[in-house]
Amino acid sequence: MTKERKTPLLDELEQGPWPSFVTEIKKEADRPMAHDLLGILERSYADRVSHWKHGGLVGVMGYGGGVIGRYSDLPEEFPAVKEFHTFRVNQPSAWFYTSDALRTLCDIWEKHGSGLTNMHGSTGDIIFLGSSSAALEPCFAELSHHGWDLGGSGSNMRTPSCCVGPARCEWACYDTLAACYDITQAFQDELHRPFFPYKYKFKFAGCPNDCVASIARSDCSIIGTWRDDIQVDQAKVGEYARSGTDIQSEVCNLCPTRCMSWDGRELAIDNSNCVRCMHCINVLAKALKPGKQRGATILVGSKAPIIGGALLSSVLVPFLEMKPPYDDLKELTAAIWELWGEHGKNRERVGEFIQRVGLGNFLDGIGLDPVPEMVMHPRTNPYIFFEDELDDDAGNA
Amino acid sequence: MTEFQRQTDIGPPHYERFLPPIVKKNYGAWDHHELLRPGVMVHVAASGDRLYTVRVGTPRLLAVTTIRQFADLADAYCDGYLRWTSRNNVEFLLTDPAKIDPLIRDVQALGYPVGGTGNQISSIVHTQGWVHCHSSASDASGVVKSVMDRLFPYFTGSKSLPSKLRVAYACCLNMCGAVHCSDIAILGVHTKAPVISHSDLPKMCEIPTLIASCPTGAIRPATVNGKPSVEIEAGQCMYCGNCYTVCPACRINNPESDGLSIWVGGKVSNARTTPQFSKLVVPFMPNNPPRWPEVVDAVERIVTIYAGNARKHERMGEWINRIGWPRFFKLTGFEFTKYHIDDFRHAGETYNRTAQLRHERGS
Ligand code: SF4
Ligand code: SF4
Ligand code: SF4
Ligand code: SF4
């Protein structure tokens with residue numbers, strides 16, 4: 001057992017009702033890595049700077065990603081965390097586990113690393129925090145022996161993730177778990193061997209509530225939706241009204257297109273003007289349901305601010321049936337990767353690439369026709385760059 | 001030593017292995033769900049089956065000891081099945097409602113709270129901070145812990161909110177957590193260009209790689225004291241930390257000029273209004289560990305004023321759009337400065353191009 005460390009600043013963070021990460025680290029502090037992590041973290045709290053640095057690629061044989069190299073700038077003082085690399089372990093769809101599976105992961109990680117994890121990382125992976133360089137190969141061998149594989153890092157497809165979808169949500173418009181699993185398996189090479197200009201993320205949300213923030217956090221956002229009419233059980237709408245829901249003000253008035261009306265007996269919906277926002281369904285969960293012709297809207301390009309500013313994904317395919325083997329999505333993805341892979345600059349996300357070349361040219365490149373759903377409105381400036389063939393065709397159409 | 005069979009490109013285990021029988025049986029056939037009380041939901045299938053979920057908050061950083069404790073609880077109450085949410089909560093999945101209370105008692109005894117459903121504040125999604133990242137302008141876990149301690153009643157449901165409220169934290173502009181569409185985003189910011197150690201640089205770094213690492217072209221070759229080095233054009237730096245990633249002699253972390261900013265009004269859901277970015281409220285607050293009181297106070301102030309003023313179903317950004325930014329700043333008391341006015345690309349689109357303004361009667 002290692003000597004207890006003095007961590008007065010971190011100890012402050014064991015007070016208060018919210019569970020403490022310091023307590024978590026202390027739970028493993030009888031082993032050297034977590035013990036030294038407490039030490040270096042206390043130092044950061046005193047110095048008000050990070051004591052980690054990057055430097056040097058690390059990984060497992062045959063893979064170009066999945067491990068993030070991390071070194072401390074105080075190797076003499078805290079030798080056990082001199083090397084403190086991160087393993088990204090590809091999570092199962094929608095983060096379902098059995099207790100046995102978790103114990104296997106714990107056994108492996110306790111044996112090879114710090115015993116500390118993030119459940120989960122921002123992209124969705126199980127994060128094993130803190131491995132030495134020497135432990136990487138044996139840890140990976142044991143993980144893969146038990147059926148676990150690494151997720152993505154670097155300029156590759158990043159680990160796809162999905163919402164709980166049909167496993168527990170009545171609003172799922174396609175099978176998010178199956179789609180996420182299928183795409184992950186179909187693109188293992190792209191996940192493990194970086195050869196893109198930059199990262200490429202998929203997130204699968206079963207409906208426009210977008211519980212996985214796909215529209216803000218993925219290069220390809222797959223958001224469930226429907227084409228036909230909202231399913232309405234008028235009797236149950238009445239029950240909501242009788243038990244205190246103000247249908248007019250809470251539902252109709254908040255509908256973005258004002259396509260609903262309520263006369264006290266019947267809820268009428270002009271489905272041709274419904275934009276599938278989910279508000280009425282969220283509020284009247286027992287009475288309303290998405291339609292039966294279900295699929296997804298495919299949007300592309302969201303990212304965090306660096307370099308050219310933050311982006312939300314924008315519409316590429318208004319409606320796609322999401323049926324296995326997801327050939328349409330895979331073909332679309334291959335076309336995007338080919339174009340962006342060839343013309344994208346180093347560290348240019350696909351959203352920035354589209355901004356640079358223009359959505360119109362991007363569509364030409366991937367072979368999609370423009371449709372008005374892709375824009376909020378047509379252009380307002382007259383600087384149209386007419387292409388040459390128009391000279392010949394003009395007036396002959 | 002046991003020989004393990006090393007395999008590559010097997011991908012994640014198939015999720016079906018981990019689905020509880022009730023989920024397999026009713027997959028895609030759920031009818032509706034209800035919140036029974038804060039942190040406890042029931043999902044009712046078309047078959048009539050009822051699946052109970054108990055949602056538990058965690059610090060995201062979990063010891064294997066804790067994960068084993070959760071596994072034991074899952075065995076005791078849930079036939080061994082559990083899941084995590086996209087916001088780092090654990091969800092215990094039960095079929096027997098009689099087991100809900102004993103489970104909650106046990107999980108709370110371990111120190112983990114139950115809540116975060118419906119119109120409550122769910123766990124704060126966050127990044128690595130000083131625990132594990134080299135470019136962090138502040139710690140992540142410590143700020144999150146401090147804020148959640150204060151917002152705790154909104155997690156457990158003892159205080160209520162008009163709508164969902166999503167708080168997110170990232171410790172630098174890289175925003176691993178892409179926090180930029182949250183009701184409240186706390187963002188670590190570097191405010192000064194990296195400081196170069198010219199004595200270390202030639203030993204530690206390759207100059208061409210270093211120059212190429214800067215996305216804005218702010219790094220140029222220079223000769224310092226007769227030795228090859230680089231200089232950084234501070235006006236071009238956007239504090240991304242890429243140079244520090246490839247060259248530890250370009251130190252971006254700075255205890256005085258690193259700090260935190262606060263942004264509000266973003267959302268990702270399409271319900272009612274379209275997804276929105278968060279907008280700047282507080283450009284800079286100092287790093288004040290271990291409890292960051294200025295940041296915690298500011299976040300609590302925003303939450304309290306939102307809770308007291310927004311209408312039912314109105315998210316933070318929807319409320320602000322209704323009352324207007326001038327009133328938001330007035331109600332919250334934060335100062336509006338030149339930093340709040342966008343000067344990046346397309347900044348003009350954020351200028352107010354209308355005479356539609358709310359005025360207050362003069363005295
Ligand atoms: S995104 Fe929609 S389908 Fe998926 S969990 Fe959220 S509400 Fe359910
Ligand atoms: S889903 Fe949204 S747009 Fe459609 S009817 Fe309901 S509230 Fe209106
Ligand atoms: S947000 Fe920045 S500092 Fe924080 S973990 Fe991500 S890259 Fe590191
Ligand atoms: S922090 Fe980023 S923008 Fe600033 S000099 Fe370094 S690489 Fe360039």
Side-chain angles (χ1 to χ4, degrees), chain A residues 9 12-13 16-19 21 24 27-28 44-45 48-50 52-54 62 90 92-93 95-99 102-103 106 110 115 117-119 122 141-142 144-145 147 149 166-168 170 177 184-185 188 208-210 212-213 215-217 254 277-279 285-286 304-307 310, chain B residues 4-13 15 18-19 23 27-28 30-32 43 59-65 67-68 71 74-75 80 83-84 86 111-112 130 134 136 141-142 145 148-149 152 173-178 180-181 215 240 245 248 253 255 268-272 275 287 289-290:
Chain A
L9 293 169
E12 286 280 318
L13 288 165
W18 188 251
F21 68 103
E24 296 294 324
K27 283 182 187 176
E28 306 304 321
S44 277
Y45 269 67
R48 291 184 291 150
V49 286
S50 168
W52 301 107
K53 55 183 189 171
H54 200 80
N90 198 328
S93 281
W95 302 286
F96 279 94
Y97 297 94
T98 56
S99 50
L102 287 176
R103 286 189 193 101
C106 290
E110 193 168 53
T117 73
N118 282 157
M119 298 291 278
S122 295
E142 198 166 341
S144 68
H145 175 86
D149 202 345
R168 200 199 50 197
E170 64 269 29
L177 290 82
T184 309
Q185 291 291 357
Q188 281 291 299
N209 282 328
D210 198 357
V212 284
I215 204 162
R217 301 178 59 180
L254 295 179
C277 86
M278 287 300 290
H279 172 70
K286 289 186 194 168
I306 286 177
I307 303 161
Chain B
F4 294 104
Q5 200 199 332
R6 186 189 196 272
Q7 315 175 73
T8 57
D9 299 287
I10 55 172
Y15 54 91
F18 305 131
L19 299 180
V23 164
Y27 198 85
W30 298 101
D31 185 72
H32 65 272
H43 285 78
R60 184 175 89 134
L61 195 165
L62 292 179
V64 291
T65 305
I67 298 174
R68 288 204 178 95
D75 281 344
R83 71 176 292 265
W84 264 261
S86 59
Y112 301 90
W130 293 335
H134 62 296
S136 37
S141 308
K145 159 78 175 146
M148 282 310 285
D149 277 341
F152 196 67
L173 266 57
N174 285 312
M175 287 192 192
C176 297
H180 54 286
C181 296
C240 70
T245 303
N253 301 321
V268 293
S269 134
N270 287 273
R272 299 171 305 283
N287 248 331

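Throughout, a chain's letter reflects where its sequence line sits, starting with A, and its residues are numbered from 1.
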Of all the heavy-atom pairs spanning [X] and [Y], show the shortest one and how long it is.
X	Y	answer
Arg103(A)	Asp75(B)	NH2-OD2, 2.6 Å
Trp18(A)	Asp149(B)	N-OD1, 2.8 Å
Gly147(A)	Pro13(B)	O-CD, 3.6 Å
Pro59(B)	Glu24(A)	CG-CG, 3.8 Å
Ser144(A)	Arg6(B)	OG-CA, 3.5 Å
Ala141(A)	Phe4(B)	O-CB, 3.8 Å

[options]: which one forms the most heavy-atom pairs within less than 4.5 Å of chain B?
options	answer
Ala310(A), Cys277(A), Ala285(A)	Cys277(A)
Pro92(A), Ala167(A), Gly62(A)	Ala167(A)
Leu13(A), Asn209(A), Leu102(A)	Leu13(A)
Gln185(A), Lys286(A), Glu170(A)	Glu170(A)
Pro208(A), Ser93(A), Ser122(A), Pro19(A)	Pro19(A)

Quick check for you: to the nearest 0.5 Å, what is the distance between [X] atom [atom1] and [Y] atom [atom2]?
X	Y	atom1	atom2	answer
Leu62(B)	Cys106(A)	CG	SG	9.5 Å
Met175(B)	Arg217(A)	CE	CZ	11.5 Å
Ile67(B)	Tyr97(A)	CD1	OH	8.5 Å
Arg48(A)	Asn253(B)	CZ	CG	12.5 Å

Has the side chain of [X] got a donor or acceptor atom that lies under 3.5 Å from a matching backbone atom of [Y]?
X	Y	answer
Asp149(A)	Asp9(B)	yes
Glu12(A)	Pro290(B)	no
Asp210(A)	Ser269(B)	no
Gln5(B)	His145(A)	no
Trp30(B)	Pro166(A)	yes
His43(B)	Arg168(A)	yes
Lys53(A)	Thr245(B)	no

* At a heavy-atom separation under 4.5 Å, does Thr184(A) approach chain B through its side chain, its backbone, both, or neither? -> side chain
* Which answer fits Leu177(A), side chain, backbone, both or neither, if we ask what part of it has an atom under 4.5 Å from a heavy atom of chain B? -> both
* **Portion of Cys181(B) that has a non-hydrogen atom of chain A nearer than 4.5 angstrom** =>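 For Cys181(B), side-chain heavy atoms alone lie under 4.5 Å from chain A.
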* **Which portion of Phe152(B) sits near chain A, non-hydrogen atoms under 4.5 angstrom** => side chain
* Asked: With a 6.0 Å cut-off on ring centres, are Phe96(A) and Trp84(B) close enough?
  ->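 Between Phe96(A) and Trp84(B), the centre distance exceeds or equals 6.0 Å.
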* Can you check side-chain contact (heavy atoms from CB on, under 4.5 Å) on Trp95(A) and Ser86(B), steps first, answer last? -> CA-CA 8 Å; Trp95(A) 302 286; Ser86(B) 59; 3.8 Å; yes
* List for me each residue that meets salt bridge (charged side-chain N to carboxylate O under 4.0 Å, His left out) alongside Arg60(B), sequence neighbours excluded, and say none if there are none. => none
* Asked: Are any non-hydrogen side-chain atoms of Met278(A) and Asn270(B) less than 4.5 angstrom apart?
  ->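 No, too far: nothing below the 4.5 Å cut-off.
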* Do you know which of Met148(B), Lys145(B), Gln7(B) has the most heavy-atom pairs with chain A at a distance under 4.5 angstrom? -> Lys145(B)
* Looking at Ala74(B), Pro215(B), Ser141(B), which one has more heavy-atom pairs under 4.5 Å with chain A than the rest? -> Ser141(B)
